[in-house]
Amino acid sequence: MIMAERYASGEKTEIGSYLFTAERIVHFAERFDPQRFHLDAEAAKSSLFGGLCASGWHTCAAWMKTFVAYWSAECVRLASEGIKPPKLGPSPGFTKLQWLRPVFADEEVTYSVTLLSSRPLVSRPGRRLNTIFCEGVLADGTPVVRFESTVIEFE
């Protein structure tokens, strides 16, 4: 099975949610994005954002965390049904990254993936290149992050 057989082009699939607690926001920021509005709730009040908010990179990392968990479970599910799951490899990159709204402490983001296209790599027989739309939204549907990514698939 290849991705294009499993997911129809344009079909959105919810892959999971991630709760951005104050502790998680600070923990990530201390290591990777040590700006005051990610580190200190009091200092964040006087920032452009008006409160402690997650790094945009944290929202992307949480997308990846939910995708890996989703895809691992999906591979197990497909295998249990006797279906050979698509073999996904690394991503050669992404484009159109947008951080649309800050994610504040105690907000939960639900992530999704939509297959945009899938094509064989002429230069690499047995491999495909999938383009996917990745998004994160709040409970009310407000988008907070989105980007397009490419993923190599091995046939």
Side-chain angles (χ1 to χ4, degrees), residues 1-33 35 37-38 41 44 49-121 127-155:
M1 169 181 278
I2 61 171
M3 285 292 284
E5 294 169 340
R6 170 61 185 93
Y7 299 98
S9 184
E11 175 186 321
K12 181 188 278 192
T13 300
E14 192 173 290
I15 60 172
S17 297
Y18 183 88
L19 178 62
F20 288 85
T21 64
E23 294 78 18
R24 285 177 166 179
I25 290 170
V26 171
H27 181 79
F28 184 93
E30 286 173 339
R31 285 151 186 79
F32 306 110
D33 194 355
Q35 298 182 73
F37 39 82
H38 302 319
F49 303 114
L52 185 69
C53 61
S55 165
W57 297 113
H58 190 178
T59 65
C60 292
W63 181 91
M64 192 72 216
K65 180 179 178 68
T66 59
F67 179 77
V68 168
Y70 167 81
W71 190 245
S72 295
E74 183 68 356
C75 287
V76 169
R77 186 188 69 76
L78 289 169
S80 74
E81 295 175 9
I83 300 168
K84 188 175 177 183
K87 294 179 193 169
L88 300 183
S91 169
F94 65 92
T95 61
K96 302 179 186 175
L97 172 61
Q98 296 177 295
W99 291 306
L100 304 163
R101 179 196 174 279
V103 176
F104 295 100
D106 298 322
E107 288 187 318
E108 186 170 51
V109 175
T110 298
Y111 292 101
S112 63
V113 62
T114 303
L115 180 66
L116 298 178
S117 66
S118 180
R119 65 176 176 82
L121 285 174
R127 295 182 188 177
R128 302 184 67 77
L129 189 65
N130 299 308
T131 302
I132 58 175
F133 177 71
C134 310
E135 184 177 34
V137 301
L138 299 177
D140 67 0
T142 301
V144 295
V145 62
R146 63 178 164 222
F147 56 95
E148 286 184 18
S149 180
T150 50
V151 179
I152 296 173
E153 180 177 350
F154 302 91
E155 295 181 36

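Every value quoted in this text rests on a predicted model; they were computed, and no experiment measured them.
Proximity of I152 to L129: side-chain heavy atoms (C-beta onward) are separated by under 4.5 Å at one or more points. A 4.5 Å side-chain heavy-atom check between L100 and V144 finds every atom pair outside the cut-off. In this structure, the side chains of V68 and W63 stay at 4.5 Å or more apart for every pair of heavy atoms. For the pair E11 and T114, the minimum side-chain heavy-atom distance is 4.5 Å or more.
With ring centers used as reference points, W57 lies 6.0 Å or more from F28.
W99 contributes no side-chain N or O that, together with a main-chain N or O of V145, makes up a donor-acceptor pair within less than 3.5 Å. Not one N or O on the side chain of H38 forms a donor-acceptor pair closer than 3.5 Å with the backbone of L52. For the pair Y70 (side chain) and T13 (backbone), a donor-acceptor distance under 3.5 Å is absent. Judged by distance alone, with hydrogens and angles left aside, the side-chain atoms of R6 form no donor-acceptor pair with the main-chain N or O of I2 at under 3.5 Å. Proximity of a side-chain donor or acceptor of S149 to a complementary backbone N or O of F94 within less than 3.5 Å is not detected. Checked by atom type and distance alone, the side chain of T142 never pairs as donor or acceptor with a backbone atom of L138 at under 3.5 Å. At distances below 3.5 Å, at least one donor-acceptor pair connects side-chain atoms of T59 with backbone N or O atoms of G56.
Across all non-hydrogen atoms, the minimal contact from S17 to T110 is OG-OG1, 2.8 Å. Annotation for V151 and G89: closest pair CG1-O, 3.8 Å, computed over non-hydrogen atoms. A pairwise comparison of heavy atoms in A44 and F37 identifies CB-CA, 3.7 Å as the closest pair. Smallest separation of non-hydrogen atoms from S118 and N130: OG-OD1, 2.6 Å. The minimum heavy-atom distance linking L78 with P86 is given by the pair CD1-CD, 4.2 Å. Closest approach of R101 to P143, counting heavy atoms only: CB-O, 4.1 Å.
Taking OG from S117 and CE from M3, the interatomic distance works out to 11.5 Å, rounded to the nearest 0.5 Å. Note that OG1 of T21 and CD of E108 are 11.5 Å apart. Values are rounded to the nearest 0.5 Å. The structure places CD of E135 at 11.5 Å from CD of E148, a figure rounded to the nearest 0.5 Å. In this structure, R146 CZ and C134 SG are separated by 12.5 Å, a value rounded to the nearest 0.5 Å. Rounding to the nearest 0.5 angstrom, the gap separating the OH atom in Y111 from the NZ atom in K65 is 11.5 Å. M64 contributes atom CE, which lies 8.5 Å from atom CD1 of I15 (distance to the nearest 0.5 angstrom).
By the 30° and 60° cut-offs, the orientation of the rings of Y18 relative to F20 is perpendicular.
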### Task
Please test E153 against R119 for salt bridge (charged side-chain N to carboxylate O under 4.0 Å, His left out), starting from the C-alpha separation and ending with a verdict.
CA-CA 10 Å; E153 180 177 350; R119 65 176 176 82; over 6 Å; no

### Message
For a salt bridge (charged side-chain N to carboxylate O under 4.0 Å, His left out) check, start with the C-alpha distance between K87 and E155, then their side-chain angles and the critical distance, and finish with the verdict.
### Response
CA-CA 7 Å; K87 294 179 193 169; E155 295 181 36; over 6 Å; no

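No side-chain N or O of T150 forms a donor-acceptor pair with one of T131 less than 3.5 Å apart.
The salt bridge (Lys or Arg N to Asp or Glu O under 4.0 Å) check on R77 picks up E74, E81, with sequence neighbours excluded.
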